[in-house]
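Working notes, beginning with the structure itself.
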Amino acid sequence: MVHAEKLVQSLRNLRSFGFSAAVFRQTPCISPLPKFLTTGSTATGKPSYESTRDHSRTPPSIFNDVLGPVMRGPSSSHGAAALRIGRIAKDLMGGNIKKALVEYDPNGSLVTTHSGQGSDMGLYSGFMGWDATDERLKDFRDHLSAAGIDVNVQYVSYGAEHPNNYKLTLWNDAGECREMQAISTGGGMIEVQSVDNIPVTMQGDFHETVAMFADASEAEELEGWLEKRASEAGIEKIAKSLANEPNNTTGGALLLVSSRSGLPQDIITALEKSAASVRHVAPVLPILSSANVRVPYLSASTMLDYNRTAGGLPFWQLAAEYEAQRGNVSQDDVLEHMRGLVRIMRQAVVDGRKGTEYKDRILPCQTLGFEKEMNRGGLIPGDTLNSIILYVSAIMEVKSSMGVIVAAPTAGSAGACPGAVLAVADALGKSEEETAQALLVAGFIGVLIAEHATFAAEVAGCMAECGSGAGMAAAAITTLGGGTVEQALGATSLALQSSFGMTCDPIANRVEAPCLGKNTMAATNALTCSNMALANFKHLIPLDE
């Protein structure tokens, strides 16, 4: 006990000098907790915490960043993210792409992964305007050819700063040409960073109107007019960027006007009179953002502080309240959305237990054999543990056969959290409502990870994917087992500590093996750590560390 107290005190001392527990594992993506929380109050008089950082990056959403996208394909950071980038590119070109040059920097990850992990499938399907669950995805090349879209891929060193950087040069039928750069940040999330070498920030969570100007003074004049009309027109944000590259194709400026429902026609008409080009870019995320987003908490400690003043709410309700404020929706809407995700997850388990086939995968169907041995008593008795393995395997085989899954928090880790939570919920006889509530808890744990670390394996290894899934599932399982908020947070800390150092090393560059084993290990780690937390094992390192 003395050693434990010394360890905790040592960590706190390091924190006072700007270090975190991440120092000990040398993971560059995980930094000390940022100092961006300022106390305010909500309409109910409860304390809230408003982000004071750059509002171009909004706080994570459970349904945007963590539990989702609903998709087909091997990888969310490649397939689903690339599809979202492709759809934005299509809108930027007026809904019509006839030719595309796609450049990948050899210093990043996409040169070796764009084919095998689904970037080509996602990007080109996005060019065609498809959804991430479209049944045609597996035959995307045939449809691309039929659509008459000419794509040329080149490997060029252009100084990309992110491993998942897409540099696109696009042409449409009218001969218009635009360049766009975007990155995949993990778990299907994306950010468009420039258009024609003019810096922008688009993350797919607004209706965006992109106006390109040859004369920067015209953009400045319209910016002032738009600011006066912002409230009545439902404008959330207006951002002006100037050309800063000698090879910029417009030589002028860009106005990015963000709203939750599109702009009134008179404003669009005014923009079209002055701008060289005006394009509407539709949102690609399920939860829209708003200007100056206020969320009640963005760390475990501030959530616990909030809960003390709120009278001790159950963890799922704290998660629902966070998402409701983040997305400007009701808690009932949040629960209904989660119930929908539970049904999709359950259907993946059902489909996987029926057996799957797909020619382009390296692992055969193994779930049927496992369940057969489980039913005949051919396995070492494990009850809930064996059910977890069965559910995880079923989901992962649906993923590898192009079935529909929920990335949780990524497609590569789609089996760990859902498989563990659903199996435990079934073992405990929990209802759909109780399962949805537990998964909301998992989602909020994911919010903390997304905010202070990353889900991108290219940045932090598999501990960012399966490790995160284990931490999320541990909190959810603890909630299903009747644990307190504090016990659920402790279970997450234990599970994450057990995941440090997991590397991302898929065999044959496919997200199948050792990914299946890692998902299973992550899920069983979650169950183990949940039981340890319920028995009040000491987790030593606070979750925020």
Side-chain angles (χ1 to χ4, degrees), residues 69-83 86 102 104 109-128 130-147 149 151 153 184 188 344-345 347-373 389-408 410-416 418-419 457 462 465-466 504-520:
V70 179
M71 58 168 289
R72 298 178 191 268
S75 169
S76 51
S77 64
H78 291 82
L83 187 143
V102 182
Y104 297 127
S109 71
L110 291 170
V111 166
T112 58
T113 61
H114 71 88
S115 177
Q117 295 193 21
S119 296
D120 290 352
M121 175 189 71
L123 185 64
Y124 307 160
S125 297
F127 287 168
M128 294 183 280
W130 294 0
D131 184 77
T133 59
D134 199 297
E135 293 183 351
R136 298 170 292 178
L137 282 166
K138 58 185 177 183
D139 301 316
F140 73 95
R141 291 193 185 278
D142 294 338
H143 291 279
L144 185 74
S145 177
I149 301 176
V151 178
V153 176
S184 163
I344 295 170
M345 293 173 182
Q347 190 59 50
V349 174
V350 170
D351 292 344
R353 292 174 69 176
K354 292 177 181 176
T356 57
E357 292 183 1
Y358 193 64
K359 62 180 181 180
D360 189 19
R361 67 182 187 184
I362 60 176
L363 287 176
C365 175
Q366 301 171 109
T367 300
L368 294 180
F370 186 89
E371 185 161 18
K372 179 180 178 181
E373 291 302 310
I389 297 171
L390 176 67
Y391 284 30
V392 170
S393 178
I395 294 171
M396 294 301 287
E397 289 185 355
V398 167
K399 180 193 74 73
S400 66
S401 60
M402 290 295 292
V404 176
I405 53 94
V406 179
T410 67
S413 59
C462 195
E465 296 196 25
C466 288
C504 181
D505 52 358
I507 296 170
N509 208 23
R510 304 302 299 271
V511 191
E512 294 182 59
C515 311
L516 172 59
K518 288 182 176 180
N519 272 260
T520 304

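Distance check, rounded to the nearest 0.5 Å: NZ of K399 to CZ of R361 gives 10.0 Å. Note that CG of L368 is 7.5 Å distant from CD of E397, once rounded to the nearest 0.5 Å. In this structure, CE in M71 is found 8.0 Å from CE in M402, a value given to the nearest 0.5 Å. Rounded to the nearest 0.5 Å, atoms NZ (K359) and OG (S401) are 14.0 Å apart. Atom OG1 of T410 sits about 11.0 Å away from atom NE2 of H78, to the nearest 0.5 Å. Note: L83 CG to S76 OG = 12.5 Å, rounded to the nearest 0.5 Å.
Residues G116 and P74 share a closest heavy-atom pair of O-CG, 4.3 Å. What you find for G412 and M396 is that their closest heavy atoms are O-CE, 3.6 Å. Residues A407 and A414 share a closest heavy-atom pair of CA-CB, 4.5 Å. Between P506 and C504, the shortest heavy-atom distance links the atoms CD-C, 3.6 Å. S119 and A82 make their closest contact through O-CB, 3.5 Å (heavy atoms, listed as atom of the first residue, atom of the second, distance). Closest of all the heavy-atom pairs between V398 and A348 is CG2-O, 3.2 Å.
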(request) For R72 and E135, run side chain to side chain contact (heavy atoms under 4.5 Å, CB included): C-alpha distance rounded to whole Å, both residues' side-chain angles, the deciding distance at 0.1 Å, then the answer. (result) CA-CA 8 Å; R72 298 178 191 268; E135 293 183 351; 3.3 Å; yes
(message) Evaluate F140 against D120 for side chain to side chain contact (heavy atoms under 4.5 Å, CB included), listing each step before the verdict.
(response) CA-CA 9 Å; F140 73 95; D120 290 352; 4.1 Å; yes
(request) Take K354 and V350 through the test side chain to side chain contact (heavy atoms under 4.5 Å, CB included) and record every step on the way to the result. (result) CA-CA 7 Å; K354 292 177 181 176; V350 170; 3.8 Å; yes
(message) Would T356 and D351 count as a side chain to side chain contact (heavy atoms under 4.5 Å, CB included) here? Give the steps.
(response) CA-CA 8 Å; T356 57; D351 292 344; 5.7 Å; no
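For S393 and T367, the side-chain atoms include at least one donor-acceptor pair closer than 3.5 Å.
No side-chain heavy atom of S109 sits under 4.5 Å from any side-chain heavy atom of Q117. A 4.5 Å side-chain heavy-atom check between L137 and W130 finds at least one atom pair inside the cut-off. P418 has its side chain within reach of I395: a pair of non-hydrogen atoms, C-beta onward, lies under 4.5 Å apart.
By the neighbour-count criterion of 12 heavy atoms within 6.0 Å, atom CD of E373 is densely surrounded, having more than that number from other residues, nucleotides or ligands.
Results of the side-chain contact (heavy atoms from CB on, under 4.5 Å) test with V70 over D131, I405, V404 single out V404 as the only residue that passes.
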